[in-house]
Structure formats: C-alpha cells, structure tokens
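Below is one structure, written out as structure tokens, with a few remarks after it.
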Amino acid sequence: MAIKATKPIEAEAEMDYLRRRNAELEKELSERREREGALMVDLERTNERLRLAEEAEERLCVQLGELEAEAIEEVHMYRHHIKALSEQLELAKKVLVRSGLTAINGASLF
C-alpha cells in the first residue's frame with residue numbers, strides 16, 4: 001500500500017512542477033510579446049525616418065539638378081558675354097590701328 005500512497009504524492013508533485021513551469025513559460029511568453037511590441041514600435045519609427053530621409057534625398061536631388069542646369073546656363077551666358085567683349089576689343093584694336101593710334105607717348109596700347 002505504500003506504493004499507492006507515493007503515487008498520488010508523486011503525481012501531485014509533478015502537477016505542482018508542471019504548474020510552476022507553465023507559469024514560468026507564460027511569463028516568458030508575455031515578456032517576449034512585450035519586447036516584440038516595443039521592437040515593432042521601433043521598427044515603425046525607423047521606417048518613418050527612412051521614408052522622410054528618402055523624401056529629403058529626392059528633394060535634394062531635384063534641387064541639385066536645378067542648380068546644375070542654372071550653372072550651365074550661367075556658363076553659356078558668361079561665355080557669350082566674354083566672346084562679345086573679345087569681339088568688341090578686337091574691333092577697337094582694328095579701329096585704333098587704322099587711325100594710326102597704336103602707341104601713345106611711346107607706350108604700346110597692346
């Protein structure tokens with residue numbers, strides 16, 4: 001009969017163990033779900049920051065393209081202006097040569 005008496009005690013001890021283990025596992029599961037929730041919030045924030053950074057990058061690229069186009073246009077305008085000034089200078093030289101004023105007081109004009 002002693003054997004029968006120990007079996008219910010063993011079963012009860014095993015049940016206590018399983019209850020404790022189950023409680024531990026439920027607690028661990030709860031903690032992991034909490035961490036997962038926090039990680040999801042962080043991930044959403046990071047995704048939003050990434051989206052904003054990509055939008056800012058796109059705007060900067062557009063602005064850079066506009067500035068490059070503007071710079072090229074200014075280069076063309078300056079080249080045209082320099083060419084026009086060079087032509088005017090050349091014409092003025094020719095006029096001075098024709099009029100015989102290539103030197104003033106012994107100093108060369110060119």
Side-chain angles (χ1 to χ4, degrees):
M1 283 245 174
I3 294 174
K4 289 184 180 177
T6 60
K7 284 190 179 182
I9 292 173
E10 288 175 6
E12 190 174 320
E14 187 176 347
M15 286 297 289
D16 285 343
Y17 168 78
L18 291 174
R19 284 187 191 108
R20 282 192 311 272
R21 183 67 181 138
N22 189 43
E24 289 171 3
L25 291 173
E26 285 179 356
K27 182 180 177 185
E28 186 178 329
L29 177 63
S30 176
E31 289 170 355
R32 287 185 183 204
R33 284 184 176 161
E34 236 179 82
R35 277 192 301 241
E36 181 182 7
L39 288 173
M40 289 302 288
V41 168
D42 285 346
L43 179 61
E44 288 172 7
R45 285 185 197 142
T46 301
N47 281 338
E48 180 62 16
R49 286 196 314 264
L50 175 62
R51 186 186 65 77
L52 292 173
E54 287 174 342
E55 287 177 4
E57 179 187 20
E58 189 174 320
R59 284 192 306 272
L60 287 173
C61 286
V62 167
Q63 290 175 352
L64 180 60
E66 290 171 353
L67 287 173
E68 286 175 346
E70 196 175 301
I72 289 171
E73 185 178 325
E74 285 185 18
V75 166
H76 289 300
M77 287 177 14
Y78 286 132
R79 282 186 182 163
H80 178 72
H81 187 64
I82 290 170
K83 184 178 178 186
L85 290 174
S86 294
E87 289 172 357
Q88 287 177 2
L89 181 60
E90 191 62 35
L91 182 62
K93 284 182 186 178
K94 287 179 184 177
V95 168
L96 288 174
V97 168
R98 283 189 201 136
S99 65
L101 297 174
T102 56
I104 299 177
N105 296 332
S108 175
L109 291 175
F110 311 109

- Task: Run the numbers on E70 and E73 for side chain to side chain contact (heavy atoms under 4.5 Å, CB included), then give the verdict.
- Result: CA-CA 5 Å; E70 196 175 301; E73 185 178 325; 5.6 Å; no
- Qualifying residues under side chain to side chain contact (heavy atoms under 4.5 Å, CB included), relative to L91, sequence neighbours excluded: none
Value rounded to 0.5 Å, distance of [atom1] in [X] from [atom2] in [Y]:
{"X": "E68", "Y": "C61", "atom1": "CD", "atom2": "SG", "value": "9.5 Å"}
{"X": "D42", "Y": "T46", "atom1": "CG", "atom2": "OG1", "value": "6.0 Å"}
{"X": "E36", "Y": "L43", "atom1": "CD", "atom2": "CG", "value": "11.0 Å"}

- So which of E58, R59, E57 actually passes side chain to side chain contact (heavy atoms under 4.5 Å, CB included) with E55? R59
- Begin from the C-alpha positions of K83 and E87 and carry the test side chain to side chain contact (heavy atoms under 4.5 Å, CB included) through to its verdict. CA-CA 6 Å; K83 184 178 178 186; E87 289 172 357; 3.3 Å; yes
- Message: According to side-chain hydrogen bond (donor to acceptor under 3.5 Å, both in side chains), does anything in residues 17-34 pair up with another residue at least two apart or in another chain? List the pairs.
- Response: D16-R19, R21-E24, N22-E26, E28-R32
- Message: I'd like to know whether E48 forms a salt bridge (Lys or Arg N to Asp or Glu O under 4.0 Å) with R51, so could you lay out the CA-CA distance, the side-chain angles of the two residues, the decisive distance to 0.1 Å, and finally the verdict.
- Response: CA-CA 5 Å; E48 180 62 16; R51 186 186 65 77; 2.5 Å; yes
- Task: Give the intermediate values and the outcome of side chain to side chain contact (heavy atoms under 4.5 Å, CB included) for residues E12 and I9.
- Result: CA-CA 5 Å; E12 190 174 320; I9 292 173; 5.7 Å; no
- Task: Could you tell me whether E74 atom CD has more than 12 heavy atoms of other residues or ligands within 6.0 Å of it?
- Result: yes
- Query: Does the side chain of L85 come within less than 4.5 Å of Q88's, by heavy atoms?
  - Reply: yes
